[in-house]
Amino acid sequence: MIRSGMLTAAGPAKRPREVVDLRSDTVTEPTPEMYERMCLAPTGDDGLDGDPTARQLEVAAAEKVGKEAGLFVPSCTMANLIAACLHARRAKQVVLEATSHMYTAEREGAIFANAFYVPVPGSAGAMDLDLLSEAIEGNNARLRTGMVGLETSHNSAGGTVLPLHHMADVQRIAAARDIRVHLDGARLFNAATHLEVLPDAIARHCDTVSLCLSKGLSAPVGAVLAGDRDFIENARVLRRALGGQQRQVGVVAAAGLVALESMASRLAEDHVRASRLSAGLRSIGSALRASSPQTNIVMVDVSETPHSAELWVRALFEKGILVRRWSNSQLRCVTHRHIGDEDVQRAVGAFAEVSAVEQLEEKQSA
Ligand SMILES: *Cc1c(COP(=O)(O)O)cnc(C)c1O
C-alpha cells in the first residue's frame, strides 16, 4: 500500500489514504522532521569509537526513564532478550505475566537466555501476586528466579496500563529476593500519557526498561534498553554478540531522537480516537463487544456474531479497513498517527455494514 516515493528532506510522498490501517501502530511512517534530522545527523562508527547521534539518543532516553544509561538496539525484542540474558545469568527462571509479549511472542528467547520462561496468570495484564510469589518460591519453583518481567501498556490486554501500586508490589516482592525487575515498555509513553505522569515515574519501579521507538512514536526502526551503568556496559557486549551492533547507526538514531523528543505529546490524540472507535462499535449492537480502551488499542470480541475473527478480517478488508485477528474470537484495532477522525468513522461504518449483512444472513438461514 505504501508507494516507494522519492525520499527528500521533506519526507516521502504522502501515503495513499484509501485504506484505514488499524492493524498496528507499527505502520506509522517517519515524519518529515525525522527525515530532516536523518540527513543532518552527525555519524560515526558505533562499533569503533562510537556514533555521536546514537550516543545522544541513549543519553536522552536514559534521562527520560530516570536510568543511568541507555543502549540503542535494533528492536524492542532484542532489548527484552538482552535483559533476560543478563538478569537470568546465575538463575534459571524468567517469570512473566502469561499473556505478556515477552511470553507469547518472544519466549523462544529462552534458547539464548538459557532459562525457563515461567508464565504467571493475571488480569488486565497484571500478574496475580500470590501466583507470582508461588512461581518464585512455591513448591514447584525448584530453580532460582533471575528476573520478573512487567509490561505496560499491555498489548494483549488491550493496551491496559498497570497501576503504579501493582508495579510497586511486584518491585517489593522481587527486591526482597534479590530478583531484578525488567519492564517491557514498548508502549511506555502510552502508559505515561494515560496516567498523566512522566515516564520515569513508571520506570522507577523497575531495574531495567525497554522502549520501542517505532510504534506510536513513528520512528522507522529501533528501541532503547535502559538501566544502570554496569548493566548497560554488559548489554553493549551482548548486543554485539547478538549481531545488534551497527555502524553509522546515527542515521536511524536521529529519527529515534525526534520520536523521543516530540512524538509522545500527541499520543493522547490516539487514545481519544480509540475511545471513539470503541464507543462507535458499541453503538452498532450487542453482538460486537469492544473493550473500553485506556490507551490506543481496542479489542473487539466477535464471538457473539455468526462469524469468526478470520471472516471479519476479510469482510472488513474488502471495505478498506485493516484490522488484526488476535484470536478466534478477537480482533485488535490500534489507533496511531495516520488514523484521523474520519478514519474512525469509516471503520465504525464498515463494522456496521458487515454486522448488517450478518444479521440479514442469519435471518435468511433461520
Ligand atoms: C512490539 C512489542 C515488542 C517488540 O518490539 P519490536 O521492536 O517489534 O521488536 C515487545 N513488547 C511489546 C509489548 C510490544 O508491543
Side-chain angles (χ1 to χ4, degrees), residues 22-28 30 57 61 65 70-85 94 96-110 112-113 117 119 122 124-127 147-162 167 181-194 199 202-203 206 208-226 235 238-239 242-244 246 249 252-253 255-256 259-260 263 267 270-271 274 293-299 324 326 330 332-336:
L22 295 165
R23 289 172 304 168
S24 179
D25 43 10
T26 56
V27 303
T28 45
L57 171 63
V65 295
L71 182 71
F72 185 52
V73 284
S75 67
C76 198
T77 301
M78 189 183 283
N80 291 336
L81 174 59
I82 291 173
C85 288
V94 168
L96 302 161
E97 194 274 327
T99 63
S100 67
H101 198 277
M102 273 196 78
Y103 190 71
T104 59
E106 303 171 32
R107 69 172 175 266
E108 293 78 8
F112 307 103
Y117 280 21
M127 285 181 274
M147 172 185 137
V148 173
L150 293 174
E151 179 178 321
T152 196
S153 67
H154 195 291
N155 189 0
S156 276
T160 51
V161 177
L162 294 178
M167 295 186 69
V181 177
H182 173 68
L183 174 61
D184 177 353
R187 294 188 180 84
L188 178 65
F189 287 87
N190 293 90
T193 300
H194 171 71
I202 301 175
C206 62
T208 59
V209 55
S210 55
L211 301 174
C212 192
L213 301 166
S214 69
K215 290 190 171 162
L217 299 183
S218 300
V221 283
V224 178
L225 175 63
L238 204 54
R239 181 186 68 171
L242 291 169
Q246 298 170 100
V249 72
V252 276
L260 205 61
M263 299 306 287
L267 294 176
D270 298 342
H271 298 184
Q294 291 181 339
T295 57
N296 66 330
I297 299 175
V298 180
M299 292 294 193
R324 272 275 271 287
W326 206 251
Q330 267 192 320
R332 192 189 72 162
C333 304
V334 185
T335 56
H336 51 77

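Being a predicted model, the structure only gives us computed values, none of them experimental. When a ligand or atom number is given, it counts from 1 through the structure's own listing order.
Residue contacts with ligand 1 do not include Met102, since none of its heavy atoms lies under 4.0 Å from the ligand. The closest approach between Lys215 and ligand 1 falls below 4.0 Å for a heavy atom of the residue. Ligand 1 is never approached by Ala223 to a heavy-atom distance shorter than 4.0 Å. Using a 4.0 Å cutoff on heavy atoms, Arg187 counts as a contact of ligand 1.
Proximity to Cys212 (heavy-atom distance under 4.0 Å) selects the following atoms of ligand 1: 7 (O). Less than 4.0 angstrom separates some heavy atom of Cys76 from each of these atoms of ligand 1: 4 (C), 5 (O), 6 (P), 7 (O), 9 (O). Short contacts between ligand 1 and Asn80, defined as distances under 4.0 Å to a heavy atom of the residue, involve ligand atoms 10 (C). Listed by number with element, the atoms of ligand 1 under 4.0 angstrom from any heavy atom of Glu151 are 13 (C).
When atom types are taken as modelled, the side chain of Arg239 and the backbone of Phe72 share a donor-acceptor pair closer than 3.5 angstrom.
Here the rule is side-chain hydrogen bond (donor to acceptor under 3.5 Å, both in side chains) with His271, and of Thr193, Asn296, Asn190 only Asn190 fits it.
For atom 10 (C) of ligand 1, the closest non-hydrogen atom of the protein is Glu106 OE2, 3.1 Å. The closest protein non-hydrogen atom to atom 11 (N) of ligand 1 is Asp184 OD2, 2.6 Å.
In plain terms, the two heavy atoms of Thr152 and Leu162 that are nearest each other are OG1-N, 3.0 Å. For Tyr103 against Tyr117, the heavy-atom pair with the smallest separation is CE1-O, 3.4 Å.
No side-chain heavy atom of Ser153 sits under 4.5 Å from any side-chain heavy atom of Gln294. Side-chain atoms of Met102 and Glu151, non-hydrogen and from C-beta on, never get closer than 4.5 Å to each other. The side-chain heavy atoms of Leu267 and Leu217, taken from C-beta on, include a pair separated by under 4.5 Å.
Here Thr77 has heavy atoms under 4.0 Å from ligand 1 in both its backbone and its side chain. Under 4.0 Å from ligand 1, not a single heavy atom of His154 appears.
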Task: Asn80/His182 under side-chain hydrogen bond (donor to acceptor under 3.5 Å, both in side chains): CA gap, chis, key distance, verdict - done: CA-CA 8 Å; Asn80 291 336; His182 173 68; 2.9 Å; yes
